[in-house]
Amino acid sequence: MPAHGPDTKPTDRHAVDDFVRGIPKAELHLHIEGTLEPELMLALGARNGVQVPYADADEARAAYRFSDLRSFLNLYYRGMAVLRHERDFFELTEDYLHRVHADGARHVEVFFDPQSHLVRGVPFDSVVAGISAALAAGERALGISSRLIMCFLRDESPRGALEVLDKALRYRDLIAGVGLDSAEVGHPPGDFAAVFAAAREAGFAAVAHAGEEGPAAYVTEALEALHVSRIDHGVRAIDDPALVARLRDERVTLTMCPLSNLRLGVVGSLAEHPLKRLLDAGVAVTVNSDDPAYFGGYLVDNYLAVSAALGLTRTDIAALARNSIAGSLLPAARRAELLAEIDGYVAAAEA
Ligand code: HPA
Ligand code: ZN
């Protein structure tokens, strides 16, 4: 890689592209059902006899124009209806791993939404077995380590969350953590305090979506009522300077998803995205893709889009990659190993 002088200015876009693709990194905010590309949706729809509301992939992509989170979730839950068997979840996960491997990911933490499958009569076991088998195969074939995180749907009842946690207890070896997703506004984190307490008691890691469409106060509430170690999104944290200082001081990782935020109108433009301001304030920000099949880009696309819009330097990009490893659920020794790889990569790029 050519030298680019002092790394305080935005660098040449091509050099940024190579640098971003090559740097070792982790993806920490990825809904596996949101990686369902229209082509696979149509193929699985045909195979499983499930009607898909699009004639072809182009028509699906043309329909992916969202005004807010709810309008996305409507298509997201509708699209995933083609996922019925263990094999479907395996193929879905396998496709994602190949894409993220090409993006330089060394580790991924994958969300899944079991309640959205149980309600359609798909057994919990088919979902977990299919995803887990593909993650294990991906580790062997591609060297990508992984963790699986089960999300509770916050627009369903806390009782429903307790029921699905009960099922997950039998899969403690395959499921590393619990999360909280779906429609945020009107569904504050505190509603799920009991199920998160039970999950943490059972040894699950805890994360939660907060401050995507909901206010900064939901981020605070997720920290205080759910005791989460990471906040998914956290965009609105920027509205509360005391919260920003707290996130910095407590080293809370934010798993931000720039293209998702743009497509759902969480930000009016990427230039307005608070990612760089939070990074400069010392918050452990990361870049992720959320639901890449719906939002027009995988992991590297998100890094590149936000780098271009906010003028990120290679120093910023390396910080984002380091944060993704440091904020992962990996054991300390593996985190140290990957962080050392990043150091080596950065040093070689500067030479
Ligand atoms: N936000 C909340 N819930 C979700 C999302 C999201 O971006 N994607 C899938 N479930
Ligand atoms: Zn998400």
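Any value given below was found using the heavy atoms of this structure, including those in side chains, with hydrogens, waters and symmetry copies removed. This structure is a prediction, so every number in the text was calculated from the model and none was measured. In each ligand, atom 1 is the first atom listed, and ligand 1 is the first ligand listed.
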Hey, which N, O or S atom on [X] ends up closest to the Zn ion (ligand 2)?
{"X": "Asp290", "result": "OD1"}
{"X": "His209", "result": "NE2"}
{"X": "His29", "result": "NE2"}
{"X": "His31", "result": "NE2"}

Side-chain donor or acceptor of Arg230 paired with backbone N/O of Thr253 under 3.5 Å: no
Could you please provide the protein residues found below 4.0 Å of ligand 1 on a heavy-atom basis, arranged by chain and number? His31, Leu69, Phe72, Leu73, Tyr76, Asp181, Ser182, His209, Glu212, His233, Asp290, Asp291
Hey, are the side chains of Val228 and Leu223 touching, using non-hydrogen atoms and a 4.5 Å cut-off?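 Sidechains of Leu223 and Val228: in contact.
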So, Asp155 and Arg70, do they make that salt bridge, N to O below 4.0 Å?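 Yes.
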Residues Glu27, Arg106: salt bridge by 4.0 Å N-O rule: no
Table please: side-chain donor-acceptor pairs of residues 118-130 below 3.5 Å, with sequence neighbours left out.
from	atom 1	to	atom 2	distance (Å)
Arg120	NE	Ser116	O	3.0
Arg120	NH1	Ala81	O	3.3
Arg120	NH1	Leu83	O	3.0
Arg120	NH2	Met80	O	3.3
Arg120	NH2	Leu83	O	3.0
Arg120	NH2	His117	ND1	2.7
Asp125	OD1	Tyr171	OH	2.8

Hey, would you say the Phe111 and His209 ring centroids sit under 6.0 Å apart?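 Between His209 and Phe111, which both carry aromatic rings, the centre distance is below 6.0 Å.
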Are Arg172 and Phe204 in a cation-pi contact, defined as NZ or CZ under 6.0 Å from the six-membered ring centre and within 45° of the axis? yes
Check the orientation of Tyr64 and Tyr294. Use parallel for under 30°, tilted for 30 to 60°, and perpendicular for over 60°.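 Tyr64 and Tyr294: tilted rings.
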